[in-house]
Amino acid sequence: MSKPQPTIELRTSPHIKSAPTVEQIMRNVVFALLPISAFAVYEFGISALALILTVTGSCLLTEHLFNRAGEKPNSLRDWSAAITGLLLALTLPPGFPLWMGVVAGFVAIALGKVLFGGLGFNVFNPALVGRAFVQAAFPVAITTWTPPLAPGRFLEFIPSTLTAPFMTPPSVAAWSHHAVDAFSGATPLGLWKFQGIVVSTSDLFTGMSAGSAGETSALLILVCGAYLAARRMMDWRIPAAMLGTAALTALAFRLFGGSHYPTPLFVLFSGGLMLGALFMATDMVASPLTPLGVWIYGAVMGFITVIIRYFGGLPEGVMYAILLGNALSPLIALITQPRVYGARRERSKP
Amino acid sequence: MKTTDTTIDFGTFWEGVWKENPVFVMMLGMCPTLAVTSSATNALVMGVSTAFVLVCSGALVSMLRYLIPKEVRIATYIVIIATFVTIVSYVLQAYAPEIYKVLGVFVDLIVVNCIILGRAEAYASKNSVLRSVVNAAGMGAGFTFALLCLGAVREILGSGTLFGVHLFSAHFQPWLVMVLPPGGFFVLGGWLLLFNWLKQRVASAGTLQEETARAQ
């Protein structure tokens, strides 16, 4: 018997092991969303926890049922349905009735994803499709806000959370006043738009304000987004373009339109702009992939967001801006195709 | 034009209800289907009105099929259809002014409903009067059935009622989107999905039975 010869394996470049798989990226997005979810639970109590669990469960169950009905392989392990559920829950008001959350999760997966052919084929961000549906179906419930950091939030549910299925949620105005004095029942954007009150930027930055479960703390969302961008699992150019354009548009209005327009910092840190720009606009399937295209895509969404906020009927416009951006993204990708190396552009004759 | 096939059987009628349902299979008449199905009552009135016009115009077109010159047949059909639509419109105004107000222009638009013109052109002008009437009745029933499917779901979810009768307790939460135009598209899509799925299942069950029969 001869001894096994030591071998040297020779390979030509490239020596990169492998690109991250879809599962790895999706798992990291879930990790990045966990701190935001935890902060939502800290800020709004067990109602937020119940909402996050219910909506995510609804998304996973819907995906599972459609897989079974269509006799397709189990696609729960790619974590994409979990991300949709988490993101959707984070964009809903913390006291949103759980049964409406189930409807939103079902619509997000069924209408936003499965009907288009599953992961990789969805035209729109599924979470926002679900939110747009419940916004149109239950316009009152989705604009009912509750105060942050209410005492006893870990012990009792917000009254509207446990509404029986298909029933109208009870009014939370009395509960809100009882929980926190002088709560006006509006988000910072609503306060600015309808009452002319501007919440301080530092409160918005740290998240001490009313709003959707996961949109309040700009700081936390930025940190979590930076983690993804640093690991190259998110295209940083899209949020950069979106936030930059929103800030520039707000600055232009402030400079030329008068001081009743809010400051660019207020526009950046209020409402769902941070969460939308970092976690929803960057949906890999629904965004254009060309280098120039992502800048245009982000800029369009940032601009539309500010225009809807200032001139639309609703105080917040991030959701519609991103859905419009998604709709435009194939067109943007088409007109910004890069030149193939070595190929010449056809020049028009002089 | 000579009529070849003169037999009338159940299929002549049933074709329009199921196999060639104007809404769920042929995807015709989408405009009233989406626009006036926000409640079951509206859907029923619209469906019955259309069915009436279908049957009457089918009968008249079939009667006159040897007299109408080919060159002006479309215009002639339109005039015939418009006559019956005017009758429906006046009857509704006289006896159900509330519903007439809700349906509004869509009653008059039955004139240009492509199901009716399509039946006149493709069926009534080539078949005997009785066959045309039976087929038109089937189409009318199929159209009414489809409209009722949409109207019932949209009314139950959108206002918690069916034909105006409250189904749930006073705390029912209406789904506003269902009575708005997008709701029409959602519900139509849902029904199409259901019917296509059912058809596929029936078809695959049929082939399975054939295969097992052959194997035995």
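So that the names make sense, note that chain A is the first sequence line, chain B the second, and so on, each numbered from 1.
Within 6.0 Å of the OH atom in B/Tyr95, the count of heavy atoms belonging to other residues, nucleotides or ligands does not exceed 12. The neighbour count for B/Lys19 NZ, taken as heavy atoms of other residues, nucleotides or ligands under 6.0 Å away, does not exceed 12. Applying the 6.0 Å contact sphere to OH of B/Tyr90 captures no more than 12 heavy atoms from other residues, nucleotides or ligands. The local environment of CZ in B/Phe185 is sparse, with at most 12 non-hydrogen atoms from other residues, nucleotides or ligands closer than 6.0 Å. Residue A/Phe121 qualifies as open at atom CZ: its count of foreign heavy atoms under 6.0 Å is 12 or below.
Of the two parts of A/Pro169, the backbone and the side chain both hold a non-hydrogen atom closer than 4.5 Å to a non-hydrogen atom of chain B. A/Val140 does not touch chain B: none of its heavy atoms, backbone or side chain, sits under 4.5 Å away.
The two residues B/Leu176 and A/Pro139 have their closest heavy-atom pair at CD2-CG, 3.7 Å. Closest heavy-atom contact between A/Met167 and B/Phe172: SD-N, 3.9 Å.
When side chains are defined from C-beta on, A/Leu111 counts as touching B/Phe186, because their heavy atoms get closer than 4.5 Å.
In this pair, B/Trp175 and A/Phe166 present their aromatic rings parallel. The plane angle is below 30°, not in the 30 to 60° band.
Between the NE2 atom of B/His171 and the OG1 atom of A/Thr163 there is a distance of 11.0 Å, given to the nearest 0.5 Å.
Top candidate by heavy-atom pairs under 4.5 Å with chain B, chosen from A/Ala136, A/Pro97, A/Ala164, is A/Ala136.
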